[in-house]
**Q** 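Before we start, here is the structure in question, set down as structure tokens.
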Amino acid sequence: MYKEKLSNLQEGYTFDDVLLIPGRSSVEPRDAVVETMFSRKIRIKLPIVSSPMDTVSEYSMAIAMARFGGIGVIHRNMTVNSQIQMVQKVKREESLRIKNVHTVAPDTPLEEVRRIMKEKNIAGLPVTSDDRLVGIITKRDLEFLGRDKKSVKEVMTEDVVFADENVDIDEAKNILFQNRIEKLPLVDKNGRVVGLITSKDIRTRQKFPEATRDSDGQLLVAAAVGPFDLERAINLEKAGADAIVVDTAHAHNTNVQESLKKMRASVDIQIVAGNIATGQAAEDLISIGVDGLRVGIGPGSICTTRIIAGVGFPQLSAISEVADVASGHGIPVVADGGIRFSGDIVKALAAGASSVMLGSLLAGTEESPGSELILNGRKYKSYRGMGSLGAISRGISDRYGKIAENKFVAEGVEGAVPYRGRVEDVLFQLIGGVKSGMGYVGASNLEELGRNGRFIKISVAGLKESHPHDIRITSEPPNYQLFQI
Ligand code: XMP
């Protein structure tokens, strides 16, 4: 019986074990389309997701990821309130139709108006009386005022330009332009202020045409929750998160699954659950009604799970096992961990993933929350596993390693990765590599890459041949150098 266990073992592959075979192609890389699904209902413009780690994804990362077409998952190693505030910051960063409009009354003292403008960082407020629009007051109205002016009605513009609540964006743009105004209040048929469109938001929208936004023009954002933290999940939904990522090292655990059932019954937003590595785990989670699966047991650059627990599944095989089941149910797969080069992303997508989740490659960017440090004259940013002692001691302890009260077995390390500039530039290089791969394979979109991409197994010699060799490199292009440690 024991001998049998070791005979005819399944082989598992990861990124460096294989290459994609070039195929007949009429696809020019620049024409390749990289749109994909993050979850059942969330479409993203590029297949990259930032990992919910406390040295990777807070609101700045989530804003950058959504602006350039991906999505960020805000980590959970903080209080529910802090996480809610971060979600709200992302949601409020851009908006086409502001729905909860701050208004003031004609009798509001000007001091109060100044306070609101400063506190909420807004430059103009509609003035309402009995909910009806009677004027507008802007920062400009408050400049160079005599001391005799005390309340809103003495300085507001009474002749307000406004539009119907259902005005379309192009028409709103015309009205703003023709009247040389910055803010357009929207009113319902009873004259009540129900929204606001600003020219600043329209300009921002034009600046980031590839951004992933909701129907109100707000950036999409996901947030992580612990497997048993129902309350956090409910609060994140209330705060406006578009998806929750149920964040556990082992989602194929029956207690986690019981809890997931409760979450499914309690929130309507998208639920992405993980991590898993097998088809059976995929079946079980899909039957609970999750909208996306996160795959990866131990491939991450900071992970020690495979060494400490002896458990894992080579990442490329894990992706394909899960994707085989998930694709039959229309559930997207997020390949999480172990990505070091853009070529790894192409392989993950060809193995059935709909998107990849990155920790290490994004931890070194300007937008990550990690602290900067200089080592041997080179700039680095700190990066650590969420199962590292540093992360666990800051609070998160239900993902890895809690063996008894205040006793932990770490499953991750702490360190630093080279500073890599802005998220925008890293994504540009990564997506450039993905599109190049699609050109070689002959895939004009990611669905074709998943369907047509074929692998060949390589040897150690093949891997050596794949990297630059037999040369003293004097100039590394950014897309190779970027990812060297
Ligand atoms: P990369 O390779 O992108 O991987 O740095 C990021 C992913 O690694 C996972 N993760 C961990 N896994 N111990 C682990 O075994 C840890 O401490 C740990 N922290 C993060 C996680 O899935 C992340 O997205």
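All values below come from the heavy atoms of this structure, side chains included, with hydrogens, waters and symmetry mates left out. Remember, it's 1-based here, ligands and their atoms both numbered in the order they're listed. Here the structure is a predicted model, which means the values were calculated and not measured.
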**Q** For Glu411, take its heavy atoms, then give the atoms of ligand 1 lying under 4.0 Å from any of them.
**A**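 Answer for ligand 1: 13 (N), 14 (C), 15 (O), 16 (C), 17 (O).
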
**Q** Please determine whether any non-hydrogen atom of Gly338 lies less than 4.0 Å from an atom of ligand 1.
**A**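 Under 4.0 Å: yes for Gly338.
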
**Q** Could you say whether the N/O atoms of Gly359 and ligand 1 ever approach to under 3.5 Å?
**A**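 Looking only at distances, the answer is yes, because the N/O contact criterion of under 3.5 Å is met.
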
**Q** Heavy-atom distance under 4.5 Å between the side chains of Lys435 and Val34, does that happen here?
**A**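 Yes - at least one pair of side-chain heavy atoms lies under 4.5 Å apart.
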
**Q** For ligand 1, which atoms have a heavy atom of Ser360 less than 4.0 angstrom away?
**A**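 Atoms satisfying the 4.0 Å criterion: 1 (P), 3 (O), 5 (O).
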
**Q** Does Arg306 have a heavy atom less than 4.0 Å from any atom of ligand 1?
**A**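 Arg306: no contact with ligand 1 (<4.0 Å).
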
**Q** On a heavy-atom basis, which atom in Glu411 and which in Thr305 lie closest, and how many Å separate them?
**A**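 Closest approach of Glu411 to Thr305, heavy atoms only: OE1-OG1, 2.8 Å.
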
**Q** Taking only heavy atoms of Gly385 into account, list the atoms of ligand 1 that are under 4.0 Å away from them.
**A**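 The atoms of ligand 1 under 4.0 Å from a heavy atom of Gly385 are 16 (C), 17 (O), 18 (C), 19 (N).
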
**Q** Under the rule for side-chain hydrogen bond (donor to acceptor under 3.5 Å, both in side chains), what residues qualify as partners of Lys99, not counting sequence neighbours?
**A**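 Scan of Lys99 (side-chain hydrogen bond (donor to acceptor under 3.5 Å, both in side chains), adjacent residues dropped) gives Asp216.
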
**Q** Looking at Arg203, Arg67, Lys200, Lys207, which hits salt bridge (Lys or Arg N to Asp or Glu O under 4.0 Å) with Glu94?
**A**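 With Glu94 as partner, salt bridge (Lys or Arg N to Asp or Glu O under 4.0 Å) holds for just one option, Arg67.
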
**Q** Do Phe38 and Val245 have side chains that approach each other closer than 4.5 Å (heavy atoms only, starting at C-beta)?
**A**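 In contact.
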
**Q** Under 4.0 Å from ligand 1, counting heavy atoms only, is it the side chain of Arg340, its backbone, both or neither?
**A**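 For Arg340, no heavy atom sits under 4.0 Å from ligand 1.
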
**Q** Give the atoms of ligand 1, by number and element, whose distance to some non-hydrogen atom of Gly337 is under 4.0 Å.
**A**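 Going through ligand 1 atom by atom, the ones under 4.0 Å from Gly337 are 2 (O), 4 (O).
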
**Q** In ligand 1, which numbered atoms sit nearer than 4.0 Å to a non-hydrogen atom of Ser301?
**A**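 Heavy-atom distances to Ser301 below 4.0 Å select 1 (P), 2 (O), 4 (O), 5 (O).
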
**Q** Could you tell me which atoms of ligand 1, counted from 1 in the order shown, lie closer than 4.0 angstrom to a heavy atom of Thr305?
**A**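 Numbered from 1, ligand 1 contributes 14 (C), 15 (O).
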
**Q** For ligand 1, is there an N or O atom under 3.5 Å from any N or O atom of Gly387?
**A**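 N/O-N/O distance under 3.5 Å: yes.
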
**Q** For a quick test of your reading: what N or O donor-acceptor pairs under 3.5 Å do the side chains of residues 23-30 make, sequence neighbours left out?
**A**
residue: Ser25; atom: OG; partner: Val27; partner atom: N; Å: 3.0
residue: Ser25; atom: OG; partner: Gly439; partner atom: O; Å: 2.7

**Q** Which one of Glu58, Gln88, His75, Arg232 satisfies the side-chain hydrogen bond (donor to acceptor under 3.5 Å, both in side chains) criterion with Gln83?
**A**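 Result for side-chain hydrogen bond (donor to acceptor under 3.5 Å, both in side chains) with Gln83: Arg232.
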
**Q** Distance to the ring centre below 6.0 angstrom and angle to the axis at most 45 degrees; does that hold for Arg378 and Tyr380?
**A**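 The answer is yes, since Arg378 meets both limits relative to Tyr380.
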
**Q** Out of all atoms in ligand 1, which are within 4.0 Å of some heavy atom of Ser388? Include the element for each.
**A**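 Those atoms are 17 (O).
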
**Q** When you measure from the centre of the six-membered ring of Tyr59, is the NZ or CZ of Lys89 closer than 6.0 Å and no more than 45° off the axis?
**A**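 Yes, a cation-pi geometry holds between Lys89 and Tyr59.
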
**Q** Using a 4.0 Å cut-off to any heavy atom of Asn275, which atoms of ligand 1 qualify?
**A**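 Ligand 1 atoms under the 4.0 Å threshold to Asn275: 22 (O).
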
**Q** Is there any N or O on Val413 that sits under 3.5 Å from an N or O of ligand 1?
**A**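 The answer is no, given that Val413 and ligand 1 share no N or O pair closer than 3.5 Å.
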
**Q** Quick one about Thr79 and Ser82 (side-chain donor to acceptor, distance below 3.5 Å, no hydrogens or angles considered), yes or no?
**A**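 Per modelled atom types, Ser82 and Thr79 side chains form a pair under 3.5 Å.
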
**Q** Ligand 1 and Arg384, any nitrogen or oxygen pair closer than 3.5 angstrom?
**A**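 Between Arg384 and ligand 1, no N or O pair is found under 3.5 Å apart.
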
